[in-house]
Number of protein chains: 2
Amino acid sequence: MTNSSNGKVIDIASVKLACSSCSLHQLCLPMGIGLDDVERLDAIIKRRRPLARGSYVFHLGDTFRSLYAIRSGSVKTYTITEDGSEQITGFHLPGELIGLDAINSNQHPCGAKALETTSICEIPFERMEELAAAVPALGRQMLRIMSRELNSDGELLTLLGKKSADERLAALLISLSMRFQERGFSPREFHLSMSRNDIGNYLGLAIETVSRLFSRFQQQGLICVQSKYIHLKELHQLRELAGFSGPDDIPQARA
Amino acid sequence: MTNSSNGKVIDIASVKLACSSCSLHQLCLPMGIGLDDVERLDAIIKRRRPLARGSYVFHLGDTFRSLYAIRSGSVKTYTITEDGSEQITGFHLPGELIGLDAINSNQHPCGAKALETTSICEIPFERMEELAAAVPALGRQMLRIMSRELNSDGELLTLLGKKSADERLAALLISLSMRFQERGFSPREFHLSMSRNDIGNYLGLAIETVSRLFSRFQQQGLICVQSKYIHLKELHQLRELAGFSGPDDIPQARA
DNA sequence: CGGTCCCTTGATATTCATCAATATCAGTGG
DNA sequence: CCACTGATATTGATGAATATCAAGGGACCG
């Protein structure tokens with residue numbers, strides 16, 4: 001609400017925030033919905049202040065009220081196992097919708113934490129359901145998004161069930177790469193917002209193993225890492241290692 | 001369509017087959033939907049002859065047309081990795097809906113194969129979507145079912161990412177146990193319709209490891225196995241091993 | 001400048017996969 | 001009814017991949 005004293009500035013800001021002008025609308029909820037309906041969707045969405053790194057979008061066990069779309073930044077979702085340790089279930093980039101797994105139980109079965117400064121759109125679920133009843137395309141898009149999520153879960157299962165440590169890391173890098181590309185960023189060079197610890201946790205590997213793999217990949221000339229920044233020098237080889245034989249392989253990937 | 005010459009017999013048969021009288025309707029699509037609406041749902045569902053063990057509900061890559069609900073028997077879903085090996089993504093029992101992951105891409109990203117003689121209901125998706133537009137509760141139930149599926153995927157990820165071999169097998173046994181119980185069968189004694197190979201594949205373990213674990217569990221007095229039949233003698237200990245500390249732990253489990 | 005956190009690297013231990021041999025079972029045909 | 005075949009399961013011996021333990025190095029922050 002800075003600049004709230006000047007109507008014009010607000011307008012510009014709200015245009016920038018509207019779904020219809022959001023660069024992510026092709027990936028997000030508005031996809032495939034008519035313009036007027038996007039406006040109706042827009043009307044129920046609440047924007048939030050940017051979240052600082054380390055703060056929570058929602059906590060594990062919170063009552064379910066809203067879905068959240070990521071506008072910028074990144075988020076990890078995780079559960080806590082009985083023994084108290086964390087299991088990361090996903091890294092989420094702009095345009096992705098989180099909280100879908102809470103619909104069933106009315107309570108978030110996982111928590112969501114910002115990996116860096118992150119801004120999100122909150123979508124109150126009840127109001128969205130009402131709207132979906134009136135706008136069938138919205139309901140359809142919801143189903144499609146959830147279906148896509150099931151797809152990527154399936155891939156992740158294969159990853160954890162069948163693949164070796166280096167294949168897993170390569171798969172994560174390629175998944176991030178493809179997703180950055182979809183969002184208009186370089187697929188070869190990006191910033192790893194998650195810690196090595198998070199990566200290991202997510203991939204089912206010890207942190208030391210992850211570290212060693214980064215070193216080895218670098219030695220082999222596949223990548224170039226400098227703490228959080230990474231450059232994928234041999235995208236093709238990594239892709240092969242990861243088991244993504246070609247771009248036509250699998251429509252969606254998630255990490 | 002046997003007995004099609006006699007109206008009365010058909011009536012009895014159709015009553016037995018109708019959603020409204022199906023013992024699974026609490027678990028399946030009709031849950032939470034008014035009686036008249038269940039009838040409308042019923043009207044679009046096609047029943048199929050029982051499938052023989054080893055035959056397919058749908059193949060990997062098939063064009064997506066319908067969802068399938070399992071009436072009796074059991075089904076495994078699987079994907080094929082680039083190197084040609086199979087990865088089982090789930091074992092499915094009566095009342096469960098399969099094919100949801102095909103909504104996004106209009107093509108089945110996994111195959112589904114009957115583990116034993118199995119009968120299913122086919123639900124043409126387009127007609128169901130039309131109906132859902134008229135019956136909001138149906139759309140809501142769809143979302144809930146998909147959300148539940150996301151939940152169980154999350155648990156499975158933890159299983160594969162964090163747990164040791166014996167914890168994994170225990171978790172599978174407990175998951176099956178709980179699901180049999182929900183369906184009115186004994187939670188302590190049941191038939192494993194899947195092969196050891198399938199179990200290992202699903203749990204990310206070698207078949208030999210699975211075999212050894214069955215032996216060890218038996219030696220420890222936790223279970224009693226005779227080829228496909230299993231008796232869980234120490235449900236509580238298994239539960240603990242699996243990491244299901246209590247019945248209030250996690251609302252839904254899947255294997 | 002010192003402290004803390006995160007990461008890296010090396011040495012050792014453990015778990016589980018792999019290889020190989022044998023056993024069991026279901027079905028088939030003699 | 002029994003021997004034969006192929007598929008599936010068990011068990012043992014070995015090895016490889018990765019976790020764990022331990023120590024040191026760098027980067028960021030006050």
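Note on naming: letters A, B, ... go to the chains in the order of the sequence lines (proteins, then strands), and numbering restarts at 1 for each one. We use all heavy atoms of the structure for the numbers below, so side chains are in, but hydrogens, waters and symmetry mates are not.
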*Asks:* Nearest-Å distance, CG (A/N197) to P (C/dC7)?
*Replies:*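 The distance from CG of A/N197 to P of C/dC7 comes to 7 Å, rounded to the nearest Å.
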*Asks:* Output the rounded distance in Å from NZ (A/K162) to P (D/dA17).
*Replies:* 18 Å
*Asks:* Whole angstrom is fine here: how far is it from CZ in A/R53 over to C1' in D/dC28?
*Replies:* 11 Å
*Asks:* Quick one: A/L169 CG to D/dT18 C1', roughly how many Å, whole number?
*Replies:*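 The distance from CG of A/L169 to C1' of D/dT18 comes to 14 Å, rounded to the nearest Å.
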*Asks:* Closest to the A/A165 side chain: C/dC7, D/dA9, D/dT18?
*Replies:* D/dT18
*Asks:* Separation of A/K228 atom NZ from C/dC5 atom P, in whole Å?
*Replies:* 15 Å
*Asks:* Could you state the CZ-P distance from A/R196 to D/dG26, rounded to the nearest angstrom?
*Replies:* 15 Å
*Asks:* Would you kindly give the CG-to-C1' distance between B/L203 and C/dT15, to the nearest whole Å?
*Replies:*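 Answer to the nearest Å: 16 Å.
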*Asks:* Counting only heavy atoms not in B/R53, do more than 12 fall under 6.0 Å of its CZ?
*Replies:*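 No, CZ of B/R53 has 12 or fewer neighbouring heavy atoms, counting only those of other groups under 6.0 Å.
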*Asks:* So if I apply the ring-ring contact (aromatic ring centres under 6.0 Å, His included) rule between A/F91 and each of A/F180, A/Y78, A/Y202, which one comes out positive?
*Replies:* A/Y202
*Asks:* Starting at atom CG of A/N201, determine the distance to atom P of C/dC6, rounded to an integer number of angstrom.
*Replies:* 14 Å
*Asks:* Does a donor on one side chain and an acceptor on the other come within less than 3.5 Å for B/Q87 and B/T79?
*Replies:* no
*Asks:* For B/C121, does its backbone N or O pair with a side-chain atom of B/R71 as donor and acceptor, under 3.5 Å?
*Replies:* no
*Asks:* Using a heavy-atom cut-off of under 4.0 Å over every strand shown, decide if B/S227 touches base, sugar-phosphate, or nothing.
*Replies:*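 Nothing, no nucleic acid heavy atom in range.
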*Asks:* What residues from residues 204-225 of chain A pass a heavy-atom cutoff of under 4.0 Å to DNA chain D?
*Replies:* A/G204, A/L205, A/A206, A/E208, A/T209, A/R212
*Asks:* For A/E122, run the salt bridge (charged side-chain N to carboxylate O under 4.0 Å, His left out) check against A/R47, A/R48, A/R49 and tell me which one passes.
*Replies:*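 It is A/R48, the one option of A/R47, A/R48, A/R49 that forms the salt bridge (charged side-chain N to carboxylate O under 4.0 Å, His left out) with A/E122.
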*Asks:* Working note: B/T81 + A/T158, criterion side-chain hydrogen bond (donor to acceptor under 3.5 Å, both in side chains); need CA distance, chi angles, decisive distance, verdict.
*Replies:* CA-CA 8 Å; B/T81 60; A/T158 307; over 6 Å; no
